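Each remark here refers to the structure printed beneath this line.
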Protein chains: 2
Amino acid sequence: MSNLQDSDPLIIKALRGKGYKATPQRIAIGQFVLHNHAHPTAQRIYSEVKKVYPTVSLATIYKTVQILKEVGLIQEFNLEKDQARFDPNMEPHAHLVCLQCKSINDCTDPMISEIVDRMSNEVDFSAGEWNFNIFGICSNCRRKKSICD
Amino acid sequence: MSNLQDSDPLIIKALRGKGYKATPQRIAIGQFVLHNHAHPTAQRIYSEVKKVYPTVSLATIYKTVQILKEVGLIQEFNLEKDQARFDPNMEPHAHLVCLQCKSINDCTDPMISEIVDRMSNEVDFSAGEWNFNIFGICSNCRRKKSICD
DNA sequence: CTGTCTGCAAAGACTTTGCAGGTTC
DNA sequence: GAACCTGCAAAGTCTTTGCAGACAG
C-alpha cells in the first residue's frame with residue numbers, strides 16, 4: 001500500500017477546513033479508516049493505528065472518529081448494540097452482513113431511495129439519512145457450507 | 001385498557017411451549033411490550049412495569065426480553081448504539097424515526113423485500129432478517145415547525 | 001418438592017470526560 | 001506563544017452475571 005499517503009492532503013484539508021488541527025494521530029486514523037472498507041470498530045482502528053503509532057490511546061480514537069464524522073469524511077453506524085462501526089463510504093448504501101464470517105459488504109440500488117420517498121410520502125415524513133442492514137450468509141460461506149454437507 | 005389481559009394466554013402459551021415458566025413478572029413485561037408500539041427501551045419497560053410490580057428489577061427486564069425474543073413474541077433492534085429497543089411487530093417493516101420528537105413509526109412496503117432479493121441475487125447472498133431505519137422529521141413536527149417560522 | 005426464577009449487587013463492555021503535559025500553526 | 005491536542009485514568013451508561021432466597025408446576 002504505497003499510496004496510503006495519497007489521502008493525506010484530503011484529510012488535512014478537511015480537518016483544517018473546520019478549524020481542527022491536523023495532528024499525526026488524526027491523519028493516521030483518517031488514513032486507516034478511509035482505506036478500510038471492512039467497517040472497523042473503534043477497537044480495530046485502535047489495534048491497527050497502534051502498529052504505526054504505538055502510543056496512541058483509545059480515547060484519541062474515539063475523539064478523532066467524531067471529528068472525522070463532523071468534517072464529512074466518514075459515517076458511523078451500528079449493527080450490534082454494543083459497538084459502533086465506521087464507514088468511509090459516504091454514498092447512501094445498504095449493508096449485507098454475513099452472520100457466519102461477520103463480513104459486511106456495501107450494496108447500492110437506486111430503488112432504495114425510491115422506496116424511502118414512497119414510504120415517506122404516504123405518511124408525510126421528511127426523510128433524511130437511513131440505515132439498511134441485511135443479515136444472512138455470504139456466497140463464500142454458503143459455498144464452504146455446501147461442501148461440508 | 002381493559003383488554004390488556006387478553007394477551008395473557010398467548011404469552012403463557014408461548015413461554016411454556018419452550019419450557020419457560022409463566023411467572024407474573026414475565027406476563028406483566030410481555031403484556032406491556034406486546035401492547036406498546038412506541039418501541040420501548042429496557043429502562044422504559046422497567047419504569048412502566050414497576051408501576052404494577054414495584055419490586056421488579058432491571059435484571060429481570062433484560063432476562064425476560066431475551067426470553068420473549070426466543071419464544072417469538074418480540075424483536076430487538078438498535079437505533080442508537082447505546083440502547084436496545086423492543087418491538088412486538090414481528091412482520092418485516094421499516095422504522096421512520098423522527099429526529100425531533102423521537103417517535104418511531106412502523107412502515108411496510110412490499111417493495112422492500114423485492115429490493116432485498118434483488119440486491120442479494122446480484123452478489124449471491126442469502127438474505128434473512130433486515131433492519132431499515134429512516135431518520136427524518138415527522139408530519140406533526142414539521143407542521144409545528146412551519147407555524148413557528 | 002424440584003428445578004427454575006427473582007432481585008440484589010457486582011462485574012463487564014464500550015464510550016466519554018477531566019486534566020497535565022506536549023504539539024500545531 | 002496561544003490555543004488546541006494527546007494519553008492516562010477515572011467515571012458513565014447500558015447490559016450481563018452470580019447467587020441466595022422465593023416461586024411455579
Side-chain angles (χ1 to χ4, degrees), chain A residues 8-9 11-33 39-71 74 76-86 102, chain B residues 8-9 11-30 32-33 39-71 74 76-86:
Chain A
D8 281 12
I11 297 169
I12 294 172
K13 195 179 162 194
L15 287 170
R16 294 200 179 142
K18 291 244 182 173
Y20 292 108
K21 291 187 175 170
T23 67
Q25 290 94 332
R26 286 178 182 168
I27 295 169
I29 295 166
Q31 264 182 16
F32 176 70
V33 183
H39 311 81
T41 61
Q43 263 296 341
R44 182 113 193 79
I45 298 170
Y46 175 58
S47 309
E48 292 299 320
V49 172
K50 215 176 164 63
K51 292 179 187 170
V52 183
Y53 257 83
T55 64
V56 80
S57 75
L58 204 40
T60 299
I61 304 292
Y62 279 110
K63 287 169 187 163
T64 301
V65 289
Q66 291 314 314
I67 290 172
L68 294 176
K69 274 168 58 184
E70 205 179 319
V71 302
I74 65 173
E76 177 176 351
F77 71 102
N78 318 289
L79 289 185
E80 308 89 10
K81 62 172 156 285
D82 60 346
Q83 243 177 355
R85 290 180 174 273
F86 301 93
K102 309 294 177 195
Chain B
D8 281 12
I11 297 169
I12 294 171
K13 195 178 161 192
L15 287 170
R16 294 198 181 146
K18 292 242 182 174
Y20 292 109
K21 291 188 174 171
T23 67
Q25 290 93 332
R26 286 177 181 168
I27 295 169
I29 295 166
F32 175 70
V33 183
H39 311 82
T41 61
Q43 263 297 341
R44 183 110 191 82
I45 299 170
Y46 175 59
S47 308
E48 290 300 320
V49 171
K50 216 175 164 59
K51 291 179 185 167
V52 183
Y53 257 84
T55 65
V56 81
S57 74
L58 204 39
T60 298
I61 305 291
Y62 279 109
K63 288 169 187 164
T64 301
V65 289
Q66 292 314 314
I67 291 172
L68 294 176
K69 272 167 59 182
E70 204 179 319
V71 303
I74 65 173
E76 176 176 350
F77 70 103
N78 318 290
L79 288 186
E80 310 89 9
K81 63 172 158 287
D82 61 346
Q83 243 177 356
R85 290 180 175 273
F86 302 93

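Sequence lines set the chain letters: A, B, ... in the order given, protein chains first and strands last, and positions in each chain run from 1. Everything quoted here is computed from the prediction, not taken from an experiment. Atom set for the values below is all heavy atoms of this structure, side chains included, hydrogens, waters and symmetry mates excluded.
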Could you check how far [atom1] of [X] sits from [atom2] of [N], rounded to whole Å?
X	N	atom1	atom2	value
L68(B)	dC5(C)	CG	P	12 Å
N78(B)	dT13(D)	CG	C1'	15 Å
I67(B)	dA24(D)	CD1	P	15 Å
Q83(B)	dC14(C)	CD	P	18 Å
D82(B)	dA13(C)	CG	C1'	13 Å
R16(A)	dC4(D)	CZ	C1'	13 Å
L15(B)	dC23(D)	CG	P	19 Å
Y53(A)	dT23(C)	OH	C1'	11 Å

Choose from [options] the nucleotide whose nearest atom is closest to any side-chain atom of [X].
X	options	answer
Y20(A)	dC5(D), dG7(D), dC14(D)	dC5(D)
L58(A)	dT15(D), dA3(D), dT15(C)	dT15(C)
K21(B)	dT4(C), dC5(D), dC8(D)	dT4(C)
Q25(A)	dT16(D), dT24(C), dT6(D)	dT6(D)

Exercise for the section: Would you please say whether a donor-acceptor pair under 3.5 Å links the side chains of N78(B) and E80(A)? Expected result: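 Short answer, no.
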
How is [X] classified with respect to the nucleic acid when contacts are heavy atoms under 4.0 Å: base, sugar-phosphate, or nothing?
X	answer
K63(A)	base
T60(B)	base
T41(B)	nothing

Practice task
Could you grab the distance from atom CZ of F86(A) to atom CD1 of I61(A), nearest 0.5 Å is fine?
Solution key: 9.5 Å

Handout entry: Straight-line distance of Q43(A) CD to Q83(A) CD, nearest 0.5 Å
Key =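 Taking CD in Q43(A) and CD in Q83(A), the distance rounds to 8.0 Å.
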
Problem - Under 4.0 angstrom between R26(A) side-chain N/O and dT6(D) OP1 or OP2 - result: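 Answer yes for this pair, as a side-chain N or O of R26(A) is under 4.0 Å from OP1 or OP2.
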
Exercise for the section: Using a cut-off of strictly less than 4.0 Å, decide whether S57(A) has a side-chain nitrogen or oxygen near OP1 or OP2 of dT6(D). Expected result: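 The answer is no; no side-chain N or O of S57(A) sits under 4.0 Å from OP1 or OP2.
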
Practice task
With DNA chain C as reference, determine whether T23(B) or A84(A) sits nearer its 5' end, using the nearest nucleotide of each.
Solution key: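 Upstream on the strand: T23(B).
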
Problem - 5′-ward residue of the pair P24(B)/P24(A) relative to DNA chain D - result: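 Between the two, 5'-proximity favours P24(A).
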
Exercise for the section: Write down the atom of I11(A), the atom of G30(A), and the distance for their closest heavy-atom approach. Expected result: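 Between these two residues, the closest heavy atoms are CD1-C, 3.5 Å.
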
